[in-house]
Protein chains: 2
Amino acid sequence: MEKRDQPNDEEAILVAETFKLLGDPSRLRIALAVMEEPVAVGAIAERLDLSPSLVSHHLRLLRAARLVRPERDGRTVRYSIHDHHIEHVVKDMLDHIREGDRS
Amino acid sequence: MEKRDQPNDEEAILVAETFKLLGDPSRLRIALAVMEEPVAVGAIAERLDLSPSLVSHHLRLLRAARLVRPERDGRTVRYSIHDHHIEHVVKDMLDHIREGDRS
DNA sequence: TCTATATATGAATATATATACATATATAGA
DNA sequence: TCTATATATGTATATATATTCATATATAGA
């Protein structure tokens with residue numbers, strides 16, 4: 001990592017807060033669930049067997065950190081992953097833990 | 001994200017646990033501090049103004065998740081970032097939060 | 001072996017937070 | 001407007017965990 005990329009403490013805290021959001025199993029599963037295409041809140045809840053309320057709470061946090069992006073269509077709101085950075089972050093981390101399978 | 005990359009729930013939990021480790025400001029700062037070169041535990045503690053005990057506790061977690069790698073040299077143990085995956089993960093997340101500066 | 005220093009570990013606790021439950025808001029259709 | 005449905009929000013609480021303090025282990029040098 002080059003010196004110019006070294007975040008100051010304020011940035012470090014922001015980055016940590018964002019990692020923390022992906023550090024909860026429910027929220028990570030939600031992020032994964034909306035990675036291929038926009039999915040409605042209720043559909044996420046069903047697929048992951050979580051209450052719509054809980055999903056909505058989590059989506060609010062993910063939305064605030066720009067990890068997911070909402071699009072309203074009548075009564076339903078569909079969420080999708082916000083951008084490619086997030087996809088890369090998750091993919092790289094998945095690669096990392098898969099390399100640890102040598103047991 | 002391709003279908004073949006979709007982690008099962010067990011993998012998702014592992015990934016989330018790893019994100020959670022980077023989701024604490026102290027641990028993230030530690031990870032950043034060892035990103036350029038191996039750094040001794042005491043030196044990390046001084047640079048980040050944390051107690052050596054706390055740094056050691058955190059390093060144990062980071063080590064267990066293969067986020068950092070130790071190398072002993074006499075009485076001192078120097079830690080460095082484990083591999084390039086982790087560097088990429090942190091870099092991409094840093095890029096992400098920096099894009100949010102439009103305020 | 002004895003001492004000093006670097007790192008690691010164990011246990012206690014204050015704080016943070018994921019979840020559940022109740023309630024509110026928003027939109028569509030009748 | 002009234003009803004039904006999809007999301008969102010407020011609050012309470014059980015659980016997780018970051019940190020501190022005390023103690024242990026490991027290595028180097030005398």
Side-chain angles (χ1 to χ4, degrees), chain A residues 9 12-34 37-82, chain B residues 9 12-34 37-82:
Chain A
D9 282 3
I13 288 175
L14 257 176
V15 172
E17 280 175 351
T18 315
F19 275 131
K20 181 174 288 182
L21 290 175
L22 297 178
D24 172 77
S26 296
R27 276 194 302 266
L28 180 67
R29 289 172 70 222
I30 291 171
L32 290 166
V34 303
E37 59 193 350
V39 187
V41 178
I44 298 172
E46 280 189 17
R47 279 179 49 182
L48 305 186
D49 196 33
L50 302 172
S51 77
S53 167
L54 180 56
V55 171
S56 186
H57 273 294
H58 284 316
L59 282 171
R60 176 141 95 124
L61 299 174
L62 295 171
R63 213 172 54 216
R66 301 177 357 272
L67 295 178
V68 299
R69 174 201 303 280
E71 49 183 296
R72 179 174 280 277
D73 173 20
R75 274 178 290 194
T76 83
V77 179
R78 273 180 269 276
Y79 284 86
S80 49
I81 208 73
H82 190 280
Chain B
D9 282 3
I13 288 176
L14 257 176
V15 172
E17 281 175 352
T18 314
F19 276 131
K20 180 175 288 182
L21 290 175
L22 297 178
D24 173 76
S26 297
R27 276 195 301 265
L28 180 67
R29 289 172 70 223
I30 291 172
L32 289 166
V34 304
E37 59 194 351
V39 187
V41 177
I44 299 172
E46 278 190 18
R47 280 178 50 181
L48 304 185
D49 194 34
L50 301 173
S51 75
S53 168
L54 180 56
V55 171
S56 186
H57 274 295
H58 283 316
L59 282 171
R60 176 142 95 125
L61 298 174
L62 295 171
R63 213 174 54 219
R66 300 176 0 270
L67 294 179
V68 299
R69 174 201 304 279
E71 50 183 295
R72 180 174 277 279
D73 172 21
R75 276 178 289 194
T76 84
V77 178
R78 273 179 270 276
Y79 284 85
S80 49
I81 208 73
H82 190 280

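Proteins get letters first, then strands, A, B, ... in listed order; numbering begins at 1 in each. Atom set for the values below is all heavy atoms of this structure, side chains included, hydrogens, waters and symmetry mates excluded.
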Chemist: Looking at every heavy atom in both B:Ala33 and B:Arg47, which two are closest together, and how far apart are they?
Modeler: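 Nearest heavy atoms, B:Ala33 then B:Arg47: O-NH1, 3.9 Å.
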Chemist: Can you give the dot-bracket line for DNA chain C, using ( ) for pairs inside the strand, [ ] for pairs that cross earlier ones, | for pairs with another strand and . for unpaired bases, where Watson-Crick and G-U count if both distances are under 3.5 Å?
Modeler: ||||||||||||||||||||||||||||||
Chemist: Report the residue (A:Lys20 or A:Arg60) whose heavy-atom-nearest nucleotide on DNA chain D is the more 5′ of the two.
Modeler: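 Per heavy-atom nearest nucleotide, the more 5' residue is A:Arg60.
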Chemist: Run the salt-bridge test on A:Lys20 and B:Asp24 with the 4.0 Å N-O cut-off and return the result as yes or no.
Modeler: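 B:Asp24 and A:Lys20: not salt-bridged.
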Chemist: Going 5' to 3' on DNA chain D, which nucleotide is the first and which the last to come under 4.0 Å of a heavy atom in chain B?
Modeler: D:dT17 to D:dA28
Chemist: Which atom names give the shortest non-hydrogen contact between B:Val39 and B:Ala43, and what distance separates them?
Modeler: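 It is CG1-CB, 3.6 Å.
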Chemist: If you apply the rule side chain to side chain contact (heavy atoms under 4.5 Å, CB included), what do you find for B:Thr18 with B:Leu22, and how did you get there?
Modeler: CA-CA 7 Å; B:Thr18 314; B:Leu22 297 178; 5.8 Å; no
Chemist: Checking A:Leu54 now: which residues fulfil side chain to side chain contact (heavy atoms under 4.5 Å, CB included) with it, not counting sequence neighbours?
Modeler: A:Leu50, A:Ser51, A:His58
Chemist: Contact list please: residues 41-54 of chain B against DNA chain C, heavy atoms, distance less than 4.0 Å, in numerical order.
Modeler: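 Under 4.0 Å from DNA chain C: B:Val41, B:Gly42, B:Ser53.
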Chemist: List the residues meeting ring pair (Phe, Tyr, Trp, His ring centres under 6.0 Å) with B:Phe19, not counting sequence neighbours, and say none if there are none.
Modeler: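 Per chain and number, B:Phe19 pairs via ring pair (Phe, Tyr, Trp, His ring centres under 6.0 Å) with A:Phe19.
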Chemist: Let's see if you get this right: which residues in residues 23-31 of chain B place a heavy atom under 4.0 Å from DNA chain C?
Modeler: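 DNA chain C contact set from residues 23-31 of chain B: none.
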Chemist: Which residues in residues 73-81 of chain A have at least one heavy atom lying under 4.0 Å from any atom of DNA chain D?
Modeler: A:Arg75, A:Thr76, A:Val77, A:Tyr79
Chemist: Mind checking side chain to side chain contact (heavy atoms under 4.5 Å, CB included) for B:Pro52 and listing every partner two or more places apart, or none if nothing turns up?
Modeler: B:Ala45
Chemist: A:His57: what forms a side chain to side chain contact (heavy atoms under 4.5 Å, CB included) with it, not counting sequence neighbours?
Modeler: A:Ser53
Chemist: Please check: side-chain N/O of A:Arg27 versus main-chain N/O of A:Leu21, any donor-acceptor pairing under 3.5 Å?
Modeler: yes
Chemist: Closer than 3.5 angstrom, by distance alone: can the side chain of B:Arg66 be matched with the main-chain N or O of B:His82 as a donor-acceptor pair?
Modeler: no
Chemist: The criterion is salt bridge (charged side-chain N to carboxylate O under 4.0 Å, His left out); which residues satisfy it with B:Asp73, sequence neighbours excluded?
Modeler: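 For B:Asp73, the residues satisfying salt bridge (charged side-chain N to carboxylate O under 4.0 Å, His left out) (neighbours in sequence not counted) are B:Arg78.
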Chemist: Within this structure, what is the CD1-CG distance for the pair A:Ile81 and A:Leu62, rounded to the nearest 0.5 Å?
Modeler: 8.0 Å
Chemist: If I take atom OG from residue B:Ser80 and atom CD from residue B:Glu71, how far apart are they, to the nearest 0.5 angstrom?
Modeler: 5.5 Å
Chemist: Could you work out, with side chain to side chain contact (heavy atoms under 4.5 Å, CB included) as the rule, every residue matching B:Arg75, not counting sequence neighbours?
Modeler: none
Chemist: Holding to side-chain hydrogen bond (donor to acceptor under 3.5 Å, both in side chains), I want the full list of residues that pass it with B:Arg63, two or more places apart in sequence or in another chain.
Modeler: B:Tyr79
Chemist: Taking any heavy-atom pair under 4.0 Å as a contact, classify A:His57: base, sugar-phosphate, or nothing.
Modeler: base
